[in-house]
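The block underneath contains the structure these notes are about, expressed in structure tokens.
Heavy-atom basis, side chains included; hydrogens, waters and symmetry copies ignored.
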Amino acid sequence: MFRSIKLYIGGQVARDELLSRLAEFSYRRQENTSEEGDFSCRGNIIDIYPFTFEFPIRIELDVQDIIISVRTFHPLTGEILFPHTMTIILPVNHSFLRRGSSESLESFRTGLFKEDVPLDNFVDLAQGDFIVHNQHGIGKFLGFEKIKVKDKLEPHLAIEYENKEKLYVPASQMNLVQKYISFKTRSPKLHKLGSKQWERTKLAVRKGIQKLAWDLLTLQAMRMSLSGFCYSPSNEMHRQFEENFPFEETPDQARACQEVSNDMEKGKLMDRLLCGDVGYGKTEVAMRAAFKAIIDNKQVAYLVPTTILAQQHYENFSGRFKDFAVNIEMLSRFRTPMEQKEIIRNLSEGRVDIIIGTHRLLSDDIKFKDLGLLIIDEEQRFGVKAKEKLKAFRLSTDVLTLTATPIPRTLYMSLMGAKDLSLINTPPQNRLPIKTVVIEYDDDIIREALDRELKRKGQVYFIHNRVKDIEKLKRKIALLSPKDARIEIAHGQMPAHELASVVTSFTRGDIDILVSTMIVESGIDIPNVNTIIINNAYSFGLSDLHQLRGRVGRFNRPAYAYLFIPRDKLLDNDAKRRLEAIAHFTQLGAGFHIAMEDLEIRGAGNLLGIEQHGFIVAVGFDLYCRLLRETIGTFKHYAKNN
């Protein structure tokens with residue numbers, strides 16, 4: 001049995017006993033709770049920053065020591081973020097099992113966890129929710145009931161199963177229960193208590209998970225068996241490059257940089273996924289990795305999904321590396337055929353150190369003299385052919401993949417044993433949440449938004465994802481804008497030189513309002529743009545809306561996102577859920593919640609494949625992730641001992 005503290009609304013907990021147990025779990029009592037492992041107490045309020053949590057939690061007790069609220073809050077601002085029903089707190093020292101057991105030590109070394117050990121520390125249930133009990137299957141949560149146990153009333157979770165049968169689960173065992181995530185399917189069928197059906201379902205899912213885990217670990221083992229280049233340890237030149245970074249690095253950014261650096265110095269092929277919310281500093285991690293490769297006379301390729309992103313990175317890299325003798329080039333349709341030919345020749349002769357480009361970099365005529373590092377931005381945006389080519393790179397070159405499409409934390413935790421993952425979850429200093437409004441189309445609100453932004457010398461994105469009437473919309477916006485506003489259009493069907501010119505002008509601040517398609521979704525990073533207006537927002541995916549909103553708010557001034565829907569438009573349920581989610585999850589670091597919501601709406605086919613999506617539907621997302629973690633741990637344990 002693993003050690004944990006379980007807290008839930010309505011539960012009674014003696015304040016001093018809770019503080020003493022936190023100290024026993026190696027938590028540090030502090031004046032303020034700001035780092036993992038801290039806790040503090042002010043009267044009836046106890047703040048705890050549990051191990052593996054994104055944010056600290058605040059527990060509020062009444063005069064009888066009954067818990068009246070469990071909420072996460074932002075450690076820097078104190079802002080209340082999310083309310084919760086229950087939470088499970090694990091020890092700081094990772095020791096999930098009881099002290100002194102040999103199983104505890106083995107689990108810590110190999111990641112050999114059982115399905116009963118939770119991945120998600122919150123169990124947020126409302127009456128009527130479908131739930132999954134690890135041992136009994138899918139049921140319906142009816143609420144809390146107090147049942148007499150040994151002459152004492154103890155709180156239990158009441159769960160309804162098939163034929164109205166009820167199961168009462170002691171609150172002390174709530175780690176066995178999680179909310180069922182449905183992934184766009186009908187309401188699940190309730191299981192029958194005492195039947196073999198649930199065990200058969202779980203067995204089938206385990207077999208499917210074993211195939212996925214085996215594929216992941218086989219690829220990992222293949223890479224580990226191949227020799228890679230052993231890069232030099234960081235020296236004075238590396239430190240000088242790091243000191244030139246104009247911002248203060250966040251703790252997560254520093255940790256990710258160190259993890260990448262360690263990988264490159266091992267002499268084994270690196271294949272690391274760097275996951276971080278939009279604007280959280282992934283590019284700087286990539287730049288430091290590129291610098292490390294160049295110092296050892298290796299070439300670097302940076303692959304991006306769009307021409308605009310290639311241009312942006314080319315300009316950013318050129319600025320960041322200007323004090324060092326580094327030759328940086330770009331390959332995309334923004335370069336003429338003659339220019340491309342010369343760049344390709346210089347690349348093959350070793351006269352180009354860093355090449356930034358679109359899928360053009362994967363063409364057969366591209367040859368490197370000595371490629372050491374491939375950086376891939378948003379790999380999921382590339383087609384099947386491109387992904388096949390990238391597989392070959394992974395068996396010969398160090399690869400760093402960046403994504404701003406966050407995966408749910410539970411999946412991240414379960415994959416850690418099979419993939420090298422780095423996570424940037426701390427926002428840059430002075431970053432403010434983006435004020436988000438979902439509203440019916442209104443000319444007066446657009447006029448007011450444009451006027452306010454331009455009055456403070458800022459710039460505006462106006463997103464309209466239809467090329468056929470974008471000119472007409474530009475004329476309408478001109479009528480709603482201040483008289484001297486400079487307005488231009490950007491879309492993927494424009495001639496390359498024209499699009500490049502518009503993007504450059506907007507970046508320099510020579511354009512006030514850019515009326516654009518989704519072409520700006522990835523990568524345009526301009527601190528002076530702090531208002532984005534998205535037309536027909538109901539037609540965008542949730543992760544697309546999150547990415548587009550992330551184009552603003554990169555400066556220390558309030559930023560605004562207006563999501564317009566046509567008047568009297570009847571929205572389907574999925575569109576409503578997307579818009580409700582983007583309006584609700586506005587606080588910094590909301591990417592994981594967006595990812596979870598996106599999975600619920602769209603399903604897991606894009607993330608793990610259609611077959612795995614079916615397994616998730618069968619047992620629920622949380623139990624699926626627990627079984628995946630257990631399977632990966634078992635395979636690794638077996639390999640280590642054989």
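- Comment: E24 does not engage R21 in a salt bridge, judged by the lack of any side-chain N to carboxylate O separation of less than 4.0 angstrom.
- Aromatic ring pairs are classed by plane angle as parallel below 30°, tilted from 30° to 60° and perpendicular above 60°; the pair H136 and Y161 is perpendicular.
- With R288 as the partner, the side chain to side chain donor-acceptor pair (under 3.5 Å) test is satisfied by one option alone out of Q258, H238, E249: E249.
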Handout entry: Verdict with reasoning, Q210 to T634, per side chain to side chain contact (heavy atoms under 4.5 Å, CB included)
Key = CA-CA 10 Å; Q210 283 171 358; T634 303; over 6 Å; no

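- Without hydrogens or angle criteria, N235 side chain to M237 main chain gives a donor-acceptor distance under 3.5 Å.
- When every heavy atom of A618 is checked against every heavy atom of V205, the shortest pair comes out as CB-CG2, 4.0 Å.
- Within the 4.5 Å cutoff, the side chain of R71 has heavy atoms near those of the E60 side chain.
- Two residues are said to be in side-chain contact when any heavy atoms from C-beta on lie closer than 4.5 Å; I88 and I5 fail this criterion.
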Exercise for the section: Apply side chain to side chain contact (heavy atoms under 4.5 Å, CB included) to Y180 and I131, showing your working. Expected result: CA-CA 5 Å; Y180 174 83; I131 61 91; 5.7 Å; no

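- Put simply, CD on E79 and OG1 on T72 are 9.5 Å apart, with the number rounded to the nearest 0.5 Å.
- Not a single donor-acceptor pair under 3.5 Å links the side chain of Y280 to the backbone N or O of C275.
- Ring geometry for F291 against F241 counts as parallel: the plane angle stays under 30°, on a 0 to 90° scale with 60° as the upper cut.
- The shortest heavy-atom contact between I424 and A256 is CG1-CB, 4.2 Å.
- Between R206 and E630 there is a salt bridge, since at least one side-chain N of the basic residue sits less than 4.0 Å from a carboxylate O of the acidic one.
- For the atom pair CD of E17 and CG of D65, the computed distance is 10.0 Å after rounding to the nearest 0.5 Å.
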What side-chain donor-acceptor pairs closer than 3.5 Å can you find for residues 266-274, not counting sequence neighbours?
from, atom 1, to, atom 2, distance (Å)
K268, NZ, M224, O, 3.0
D271, OD1, R394, NE, 3.1
D271, OD2, R394, NE, 2.9
R272, NE, D263, OD2, 2.6
R272, NH1, L421, O, 3.3
R272, NH1, S422, OG, 2.9
R272, NH2, D263, OD1, 3.4
R272, NH2, D263, OD2, 3.2

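- The main-chain N or O of N134 is found under 3.5 Å from a side-chain atom of K202 such that the two form a donor-acceptor pair.
- Within 6.0 Å of the CG atom in N262, the count of heavy atoms belonging to other residues, nucleotides or ligands exceeds 12.
- Rounding to the nearest 0.5 angstrom, the gap separating the CZ atom in F141 from the OG1 atom in T85 is 7.5 Å.
- Panel note: side chain N530, backbone P527; a donor-acceptor pair is recorded below 3.5 Å.
- A side-chain donor from one of R549 and T436 sits under 3.5 Å from a side-chain acceptor of the other.
- The two atoms that bring Y8 and P155 nearest to each other are OH-CG, 2.7 Å, heavy atoms only.
- The backbone N or O of V132 sits nowhere less than 3.5 Å from a side-chain atom of K179 that would complete a donor-acceptor pair.
- Using a cut-off of 4.0 Å between Lys/Arg side-chain N and Asp/Glu carboxylate O, R28 and D38 are scored as salt-bridged.
- When all heavy atoms of I138 and P188 are compared, the pair lying nearest together is CG2-CG, 3.9 Å.
- Looking at P50 and I57, their side chains come closer than 4.5 Å, going by heavy atoms from C-beta outward.
- By the 4.5 Å heavy-atom criterion applied to side chains, R29 and C41 are counted as neighbours.
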Exercise for the section: Take Q30 and E35 through the test side chain to side chain contact (heavy atoms under 4.5 Å, CB included) and record every step on the way to the result. Expected result: CA-CA 10 Å; Q30 307 282 14; E35 294 180 1; over 6 Å; no

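- Looking only at distances, a side-chain donor or acceptor of Q253 sits under 3.5 Å from a matching main-chain atom of T250.
- To the nearest 0.5 angstrom, L157 atom CG is 13.0 Å from K166 atom NZ.
- Because its NZ or CZ atom is both nearer than 6.0 Å to the ring centre of F73 and within 45° of the ring axis, R58 counts as a cation-pi partner of that residue.
- The shortest side-chain heavy-atom distance between Y560 and I532 does not fall under the 4.5 Å cut-off.
- Between the side chain of K140 and the main chain of E160, no donor-acceptor pair closer than 3.5 Å is present.
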Problem - Verdict with reasoning, T283 to V285, per side chain to side chain contact (heavy atoms under 4.5 Å, CB included) - result: CA-CA 5 Å; T283 305; V285 180; over 6 Å; no

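- In summary, the side chains of E378 and T403 do present a donor paired with an acceptor at a separation below 3.5 Å, with no hydrogens or angles considered.
- Contact annotation: the side chain of I9 never approaches that of I68 to less than 4.5 Å [non-hydrogen atoms, C-beta and beyond].
- For Q127 (side chain) and L142 (main-chain N/O), a donor-acceptor pair under 3.5 Å exists by modelled atom type.
- When all heavy atoms of L627 and I209 are compared, the closest pair comes out as CB-CD1, 3.7 Å.
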Exercise for the section: Verify side-chain hydrogen bond (donor to acceptor under 3.5 Å, both in side chains) between S261 and E265, making sure each step is shown before the conclusion. Expected result: CA-CA 6 Å; S261 182; E265 291 172 19; 3.2 Å; yes

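- Atom CD1 of I582 is separated from atom CZ of R577 by 14.0 Å, given to the nearest 0.5 angstrom.
- Taking CD of Q12 as the reference point, atom CG of D62 lies at 8.5 Å (rounded to 0.5 Å).
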Practice task
Report the C-alpha distance between E154 and K148 in whole Å, list the side-chain angles of each, state the deciding distance to 0.1 Å, and finish with yes or no for salt bridge (Lys or Arg N to Asp or Glu O under 4.0 Å).
Solution key: CA-CA 6 Å; E154 299 278 1; K148 207 171 218 181; over 6 Å; no

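- Looking at heavy atoms from C-beta onward, Y624 lies in side-chain contact with F615 at the 4.5 angstrom threshold.
- Checked by atom type and distance alone, the side chain of H133 pairs as donor or acceptor with a backbone atom of Q135 at under 3.5 Å.
- The heavy-atom pair separating P558 from R456 by the smallest distance is O-NH2, 2.7 Å.
- Within the 4.5 Å cutoff, the side chain of V169 has no heavy atoms near those of the L176 side chain.
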